[in-house]
Amino acid sequence: MGPIPLQRDIVHRPGSVVAGQGDDPRLVTRTSLPGIPLAPSAGRRFVRAALADWTALGLPSTGGFSDRLADDAVTVANELVTNAVVHAGTTVELLLRLEDAAGQEPAALVLEITDHHPARSVRDGRAERPDPAEYGRGLQLVATLAESWGITYRAGLKTVWARLPADDWEGLPEPSPSEEAARRRGLRAAEILAPAARRADRDDAGWAGGGALSFLAEASDLLAGQLDEDLVASIAGQLLVPRLADWCAIWLESDGAGPAAAPRLAGVWHSDEAGREQLRPALEKEPLRLPGSVGTAPVPVPWPGDATPERGSGTGAALAHRITSGGRTLGAVLVGREDVAQIPEEVAALIADFVRRVGLAVGAARAYTRQATISRILQRGLLPSKVAEIPGVTSALVYEPGDDGVVGGDFYDLFPCPGGRWCFVLGDVQGSGPEAAVVTGLARPWLRLLSREGFRVGEVLDRLNRLLLDDAMEAAEAAALMVAAAGGQQIQDGLRMQDGLQTPDGSQSRFLSLLYGDIVPLPDGGVRCTVASAGHPLPLLLRPDGSVRTAAESQVLLGVVEDVAYESQSFDLAPGDSLLCVTDGVTERRSGRLMFDDGDGLARVLADCAGLSADGIADRIKRAVHAFAERPPDDDLALLVLQVD
């Protein structure tokens, strides 16, 4: 059985009867998702929730759904919704349908994903089945998982459908309370993001009491944590239209620009696709900027001349709201309702509350952007602009700062020294942000100075350790003197700082893990390498035959113990040998309870790199670290490969 012909104007909603499915309305469910980056995750949650609901209802009659089918359905939905969002950018309709669930024929689950922007023109109204390669790897994956699939076109719509076979129905495990809560929250998020069917369905009376509070709570969840102000504006626009207004537009002030700079139109949303194309030119003529004297209350504004499509009367009510955060004006929101003299008072108040939340989200996104920009500039200043080239040795470096928008603690260096030596450094300061930047800004110049003064590898670490302890002690003593007259508890705090346990602001001391070494070319080929590790992941030596061994011994962190003498280890690297140095962003990369280097995981991956170039080894390790877990790395990642030519 193929998919339902989309040429029919049938509204498929949960619980509705769909042609061809008998009298059982429970076999079809559907949701609408906006064309924003949140849509794929909402689609995944919707699929799992639908399968769980069908299982609870005893559908299909022979049992529940297998884990394989559930995973395949989620994967297909994710790929197709993502494709629709990326390539169409319109509202996405996601439909699930059970076929032959009574067991009379081999059962199947059908998914249909519809967008409103066909990738090609419709030819004679007939469905087409294009080459999957033309549409990217997403459809290749769908073709692999599905029993059959295809694309159906009609004017203004494109639907990709996939039929997943389910010959062996199995019971699904009961969801845990946390999973159930997440499922319900996901459904609610999908529901609140889904556009209403039409303007006539709007029920202003429903916003009284709990309706408005529920909307604001869910909207706050969706806006919170968004780190891009344009994404905040996009979510806000799709929450307002058509739920609270027939159309809206959002302007954002340029961050850091002077007061004379005009705000930019971040987006226009309309309940009618054609209406948006008419509305935008009318709003682009003059940017909306409200004076600070109006406060945060809604301001009636004249109706834009071309705001209503031909089906409307061409008039209505429009309200403007300032977007503010921390007393600063960040932009403005303009909302309109067609064919009314004024927007109901309770709706205007709800929109005003919502715009205040938009202001907080935009302010947070801008603060993050500023912090990330400063961090990138500072990070570039703390790291070398380029690394030295060592005669007879090829180096490959990978450095990826964490994605939290603050200065990371990892740093590296590779530089020449007198006497025909080249020194290399890979370090990791405990923590991140300004404290880490301070230590990095001190440690890297100190290392270069000590190295060029001719100190041996172990001696360099000895002196750097004392420098870190002296610097921390001076700060602790100054803080202790300031609080000495303030009482016993603060004196005790000062003493703890003198013991090296805390810095004056209560944070951890400036501990530093470091791998430091030097390389000296040998007359007959190869190099002599001397390294020392202070609390750092140990370097690994890869031979051409694929054997791997550690090339140093672990020693205490720098900045912890004063009376310590660091020792170094020396060894020769022959042509074809490779030395891999990493930070704990590699070894401690987590996937659940597992870490990447559990069971010598890094050594196993390195052993498979035999025969690769330095760049090839670095790339192989980086890809393995990224693939180890679904989430991107949240810690700095740095690795250095030195390979003898």
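Heavy atoms only: backbone and side chains are in, while hydrogens, waters and symmetry mates are out.
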* Hey, are the side chains of Cys417 and Asp518 touching, using non-hydrogen atoms and a 4.5 Å cut-off? -> no
* To do: Just do the salt bridge (charged side-chain N to carboxylate O under 4.0 Å, His left out) check on Arg623 and Asp619 with the steps written out, would you?
  => CA-CA 6 Å; Arg623 286 190 287 111; Asp619 184 66; 2.9 Å; yes
* To do: State, with a plain yes or no, whether a side-chain heavy atom of Val625 is found less than 4.5 Å away from one of Leu639.
  => no
* Judged by atom type as modelled, is there a donor-acceptor pair below 3.5 Å linking the side chain of Ser613 to the main-chain atoms of Gly616? -> yes
* Which heavy-atom pair separates Gln226 from Ala365 by the least distance, and what is that distance? -> O-CB, 3.7 Å
* Identify the heavy atoms of Arg528 and Ser570 that sit nearest to each other, and give their distance. => CD-CB, 4.1 Å
* For the pair His536 (side chain) and Leu512 (backbone), establish whether a donor and an acceptor sit closer than 3.5 Å, ignoring hydrogens and angles. => no
* Whether Asp228 side chain and Leu231 backbone form a donor-acceptor pair below 3.5 Å -> yes
* Output the distance between atom SG (Cys581) and atom OH (Tyr516), rounded to the nearest 0.5 Å. => 13.0 Å
* Grab the two heavy atoms, one from Asp598 and one from Met595, that are nearest each other, plus how far apart they are. => OD2-N, 2.8 Å
* Asked: Going by heavy atoms in the side chains, are Leu223 and Phe354 under 4.5 Å from each other?
  -> yes
* Check Pro391 against Pro521 and note the closest heavy-atom contact, atom names and distance. => O-CG, 4.4 Å
* Which heavy atom in Ala610 sits nearest to a heavy atom in Pro544, and how many Å separate them? -> CB-O, 3.8 Å
* To do: Look at the side chain of Arg604 and the backbone N and O of Gly599, then say whether any donor-acceptor pair between them is shorter than 3.5 Å.
  => yes
* **Trace of the side chain to side chain contact (heavy atoms under 4.5 Å, CB included) decision for Thr369 with Leu227** => CA-CA 7 Å; Thr369 300; Leu227 304 179; over 6 Å; no
* Can you name the closest pair of heavy atoms from Leu288 and Pro263 and give their distance? -> O-CG, 3.7 Å
* Side-chain heavy atoms of Val358 within contact of Ile250, under 4.5 Å -> no
* Asked: Does the pair Arg620/Asp608 count as a salt bridge with the N-to-O cut at 4.0 Å?
  -> no
* To do: State the CG-CZ distance between Asp635 and Arg590, to the nearest 0.5 angstrom.
  => 11.0 Å
* So do Tyr566 and Asn465 actually touch side chain to side chain, heavy atoms under 4.5 Å? -> yes
* To do: May I ask you to check whether over 12 heavy atoms, not counting those of Arg456, lie within 6.0 Å of atom CZ?
  => no
* Would you say the side chains of Asp410 and Thr583 form a donor-acceptor pair under 3.5 Å? -> yes
* Give, for atom OG1 of Thr587 and atom CG of Leu602, the distance between the pair rounded to the nearest 0.5 Å. => 7.5 Å
* To do: Take His626 and Glu400 through the test side chain to side chain contact (heavy atoms under 4.5 Å, CB included) and record every step on the way to the result.
  => CA-CA 11 Å; His626 278 273; Glu400 295 180 350; 2.8 Å; yes
* Distance-only side-chain donor-acceptor flag, Asp545 / Ser547, under 3.5 Å -> yes
* Does Arg48 reach the side chain of Val74, with side-chain heavy atoms less than 4.5 Å apart? -> yes
* Asked: With distance as the sole criterion, is a donor-acceptor pair present between the side chains of Thr75 and Glu79 under 3.5 Å?
  -> no
* Asked: Does Asp353 offer a backbone N or O that forms a donor-acceptor pair with the side chain of Arg357 under 3.5 Å?
  -> yes
* **Evaluation steps, side chain to side chain contact (heavy atoms under 4.5 Å, CB included), between Asp636 and Tyr399** => CA-CA 8 Å; Asp636 297 345; Tyr399 176 74; 4.3 Å; yes
* Asked: For the atom pair CG (Asn78) and CG (Asn83), what is the distance rounded to the nearest 0.5 Å?
  -> 9.5 Å
* Asked: Between Val564, Leu468, Asp462, Leu469, which is the residue that forms a side chain to side chain contact (heavy atoms under 4.5 Å, CB included) with Leu558?
  -> Leu468
* Asked: Ser395 versus Phe424: any side-chain heavy-atom pair under 4.5 Å?
  -> no
* Asked: Who pairs with Arg44 by salt bridge (Lys or Arg N to Asp or Glu O under 4.0 Å), at least two apart in sequence or on another chain?
  -> none
* To do: Drop me the distance from Asp584's CG to Asp428's CG, to the nearest 0.5 angstrom.
  => 4.5 Å
* To do: Indicate yes or no for a side-chain donor-acceptor contact from Arg421 to the backbone of Ser451 under 3.5 Å, with no hydrogens or angles considered.
  => yes
* Heavy-atom side-chain proximity of Leu542 to Leu580 below 4.5 angstrom -> no
* Asked: Between Gln643 and Leu612, is there a donor-acceptor pair closer than 3.5 Å when you use the side chain of the first and the backbone of the second?
  -> yes
* Spacing of CG belonging to Leu579 relative to CD1 belonging to Ile617, to within rounding of 0.5 Å -> 10.0 Å
* Asked: Under 4.0 Å between a Lys/Arg side-chain N and an Asp/Glu carboxylate O for Arg264 and Asp230?
  -> yes
* To do: Go through the steps for Phe455 and Leu461 under the test side chain to side chain contact (heavy atoms under 4.5 Å, CB included), then give the verdict.
  => CA-CA 10 Å; Phe455 292 105; Leu461 267 61; over 6 Å; no
* Which word best sums up how the rings of Phe596 and Phe628 line up, parallel for under 30°, tilted for 30 to 60°, or perpendicular for over 60°? -> perpendicular
* side-chain hydrogen bond (donor to acceptor under 3.5 Å, both in side chains) contacts touching residues 548-562 (sequence neighbours left out) -> none
